[in-house]
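The figures that follow rest on heavy atoms only: side chains count, while hydrogens, waters and symmetry mates do not. Throughout, protein chains are lettered first and strands after them, A, B, ... in sequence-line order, and every chain is numbered starting at 1.
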There are 2 protein chains.
Amino acid sequence: MGFCNDREDIHSLCLTVVQRLLEKKKIGYGEIGRLEVGTETIIDKSKSVKTVLMQLFKPSGNTDIEGVDTTNACYGGTAALFNAVNWIQSQFWDGRYALVVAGDVAVYPPGPARPTGGAGAIAMLIGPNAPITVNRVRATHMEHVYDFYKPDLSSEFPTVDGKISIECYLSALDCCYERYCKKENRPDVSFDDFDYFCFHSPYCKLVLKSFARLCVNDYFLYSDKEQSDSKYPDLVPFKNLNLKETYFNRELEQAAVKCSKTSFEAKTLPSLMIASMVGNMYTPSLYGGLVSLLVNKNAESLLGKRIGMFSYGSSLASSMFSLQVSKDAGGVEPLLASLGDIPSRLEARTALPPAEFTTILKAKEDSYNKAPYQPTASLDTLTSGTYYLIEVDPQYRRTYGRRP
Amino acid sequence: MGFCNDREDIHSLCLTVVQRLLEKKKIGYGEIGRLEVGTETIIDKSKSVKTVLMQLFKPSGNTDIEGVDTTNACYGGTAALFNAVNWIQSQFWDGRYALVVAGDVAVYPPGPARPTGGAGAIAMLIGPNAPITVNRVRATHMEHVYDFYKPDLSSEFPTVDGKISIECYLSALDCCYERYCKKENRPDVSFDDFDYFCFHSPYCKLVLKSFARLCVNDYFLYSDKEQSDSKYPDLVPFKNLNLKETYFNRELEQAAVKCSKTSFEAKTLPSLMIASMVGNMYTPSLYGGLVSLLVNKNAESLLGKRIGMFSYGSSLASSMFSLQVSKDAGGVEPLLASLGDIPSRLEARTALPPAEFTTILKAKEDSYNKAPYQPTASLDTLTSGTYYLIEVDPQYRRTYGRRP
């Protein structure tokens, strides 16, 4: 799992990815007309992370950048992405790019949930003539529940009901998938219609189960029962069950995992590379899935392909949508090239033994919400171009530096 | 100033205004396709207020409602409004209405800033064929500063540098106004081009100064210096000043207030009714200004008129945009009629002496972030149809009731 010491926080992570993206793509500061941050890592209840990122733009004089922060658990990045593409399609679009930033630093108290924490940030450049576009159909399910939430403001840790959270995730997936299929105006959409499928990934096993769940949905929803029986013989014994009562049916789950195994390995497994190496990243998790898929496929196997996306944020907000990869290799190949350093960057991670991880998290817990605060961790583990916290002053004002 | 006791919180205020709007306009729950909340009142760092509002929609089965929460101080409502109108203009719009909710409960510790707190919520219905539309030109200024922010998560109170905050507000106004005029592609836009002008209103005197500041800008920016000297003779003595160094120039301010008095009374004073009676409302403040203006004008004096809007959120995010009132009385009159109960609702407020206010705020301070918590305030002061907090359970889960 990824984590950070007291030299990094939600501001520094987002500063790092925005600055790196602009440098990598050689985009000028003045070319950005919108920047929105999706995060559930609230270190200030009023000031947005977006305003902190404005310090990158100040020297250029471009302060005319719409968008602030958007929040609902791991869904904030998707809300920011939707807002950005809507802007570009509106009469208010001024011809410039939008930047969407998803970032989080999530920690748990010592115990079984601790390894489901994580940290990461992803910046996305949104604009016209993109190599990947967002298809028109979006299906959303939002509901007032309490599965994972952060009501104790004096603590960095969330309040979680793990069992309810899995049920919420899977039922939101069911709901979005059924709605998505209906909106496609084809009675018998199946996951075969997607070439690839990325999921929000709290942990990889839930994604395996989620993919199998799509197969269960296909079996239950397909109108020609004879055909679906012959396609999914392993699911026939479960045909009389009520779909809504099967979230914890181990036998059905195992049968569905078995009959969807080949499809899962082809369509979704390539999207789990980053998640399997750094764990959950919260808002960026789904987009880490997309990056993983792109890194693991060559242009030929991506051109013209349709990628299903399922975004979930606890308590809860969820959407299913799909991306269309351009048929034009001239657009897709530069995108893949720009992601070419991901494997070597993953390789360059610093591994720490659990005992050190525990010590670092204890120090972070002790310094939570403290001002003034002087971080003590060494800068040596930070790669070139990474922003880091210099200090929190007595008025809680944070200043940052950047590794050369 | 408006405030609430322990029976109301950001959830209950937003539940109240959304439910009331739907009932008043006789809009079905299924007719809403987007709902976004702008707030800086964070009582959960991950779960959005939007998801709490989904309990109103659940019985109807409509859970397909995009949008979550958006945050940057008092600017969140404007960000949510921009996002809603962008959605309606995009290919992702599905023909349904959007709801934009701006709400806050803001308190200060005992001391001179305490009366600048406030509480309120406003819900706006966004859709096609609207009696008021958003014009295409928008000018934004965002910057990384620390004027008013809420970094101490263990406290309900903000961290404020009052003097910097006034300078930030006025310089953001300058910046947005100059940018707005440039984008209008007319070199000599002046505030005469706006029939009315609403401002974010932390307190009414700042709005008076802000209006005067537009006059100062017009004087300094107008290309024909002779004409501007003759239009603003009182400002001629200040003509050699650097505009950026005049934020605390009392003489200039007084001269500008004097020469803009008539315009201020015609264009902006009618928008200060609610602000002068309930004080600041934070995110809803600017929209309370719009409501006040509409309530104080008849259809005839509004038809075809252009309303300037200046939104400011500390630390900081700001935008200037304008609204166009339809020339069709058939659309505007029902809107005005639907606001007809505002004066009687303001009249029906319960006034409390400062000592009781202090006691109530002390109780709120003591119960901040507590779980379980049982509110003790009487329900008698809550008007019909108001939602209230029943309890916070040991897992911080909040339940609400509604006054009959």
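Classification of Lys183(A) and Asp64(B) as a salt-bridged pair holds, one side-chain N sitting under 4.0 Å from a carboxylate O.
Neither the backbone nor the side chain of Phe321(B) comes within contact range of chain A; no heavy atom of the residue lies under 4.5 Å from a heavy atom of that chain. For Thr78(A), no part lies near chain B; criterion is any non-hydrogen pair under 4.5 Å. The contact between Phe82(A) and chain B is made entirely by side chain atoms (from C-beta outward), counting heavy-atom distances below 4.5 Å. Heavy atoms of Ser319(B) lying under 4.5 Å from chain A are absent altogether. Neither the backbone nor the side chain of Lys370(A) comes within contact range of chain B; no heavy atoms are under 4.5 Å apart. At a 4.5 Å heavy-atom cutoff, Tyr282(B) makes no contact with chain A through either its backbone or its side chain.
Between Trp93(A) and Asn86(B), the closest side-chain pair of non-hydrogen atoms is not below 4.5 Å. Between Glu36(B) and Asn83(A), some side-chain heavy-atom pair lies under the 4.5 Å cut-off.
Per-residue heavy-atom pair counts under 4.5 Å with chain B were compared for Arg398(A), Lys50(A), Lys58(A), and the maximum is reached by Arg398(A). Interface summary for chain A: among Val134(B), Ile88(B), Thr159(B), the most heavy-atom pairs under 4.5 angstrom belong to Val134(B).
Side-chain contact of Thr63(A) with Arg179(B): a donor-acceptor pair under 3.5 Å is present, judged by distance alone.
Going from atom OH of Tyr368(B) over to atom OG of Ser154(A) covers 9.0 Å, rounded to the nearest 0.5 Å. Note that the CD1 atom of Ile42(A) and the CG atom of Leu153(B) stand 9.0 Å from one another [nearest 0.5 Å]. Summarising the geometry, atom OG belonging to Ser90(A) is positioned 9.5 Å from atom CZ belonging to Arg136(B); distances are rounded to the nearest 0.5 Å.
Using non-hydrogen atoms only and a strict 4.5 Å limit, the part of residues 142-151 of chain B facing chain A consists of Met142(B), Glu143(B), His144(B), Val145(B), Tyr146(B), Phe148(B), Tyr149(B), Lys150(B), Pro151(B). Of residues 65-73 of chain B, those residues with a non-hydrogen atom less than 4.5 Å from any non-hydrogen atom of chain A are, in numerical order, Ile65(B), Glu66(B), Gly67(B), Val68(B), Asp69(B), Thr70(B), Thr71(B), Asn72(B), Ala73(B).
In this structure, Gln89(B) contributes its side chain and Gln91(A) its backbone to a donor-acceptor pair below 3.5 Å. Under the 3.5 Å distance criterion, the side-chain polar atoms of Ser315(B) are left unmatched by any main-chain donor or acceptor of Lys47(A).
Here the closest heavy-atom approach between residue Asn135(B) and residue Phe92(A) is recorded as O-CE2, 3.1 Å. Among all heavy-atom pairs drawn from Lys45(B) and Ser155(A), the shortest one is NZ-O, 2.6 Å.
Heavy atoms of other residues, nucleotides or ligands lying less than 6.0 angstrom from CD of Glu178(B) number 12 at most. For Tyr97(B), the OH atom sits in a loose shell: 12 or fewer heavy atoms of surrounding residues, nucleotides or ligands are nearer than 6.0 Å.
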Using the side chain to side chain donor-acceptor pair (under 3.5 Å) rule, take Asp152(B) and Asn369(A) through it: C-alpha gap first, then chi angles, then the decisive distance, then the call.
CA-CA 6 Å; Asp152(B) 181 0; Asn369(A) 206 35; 2.9 Å; yes

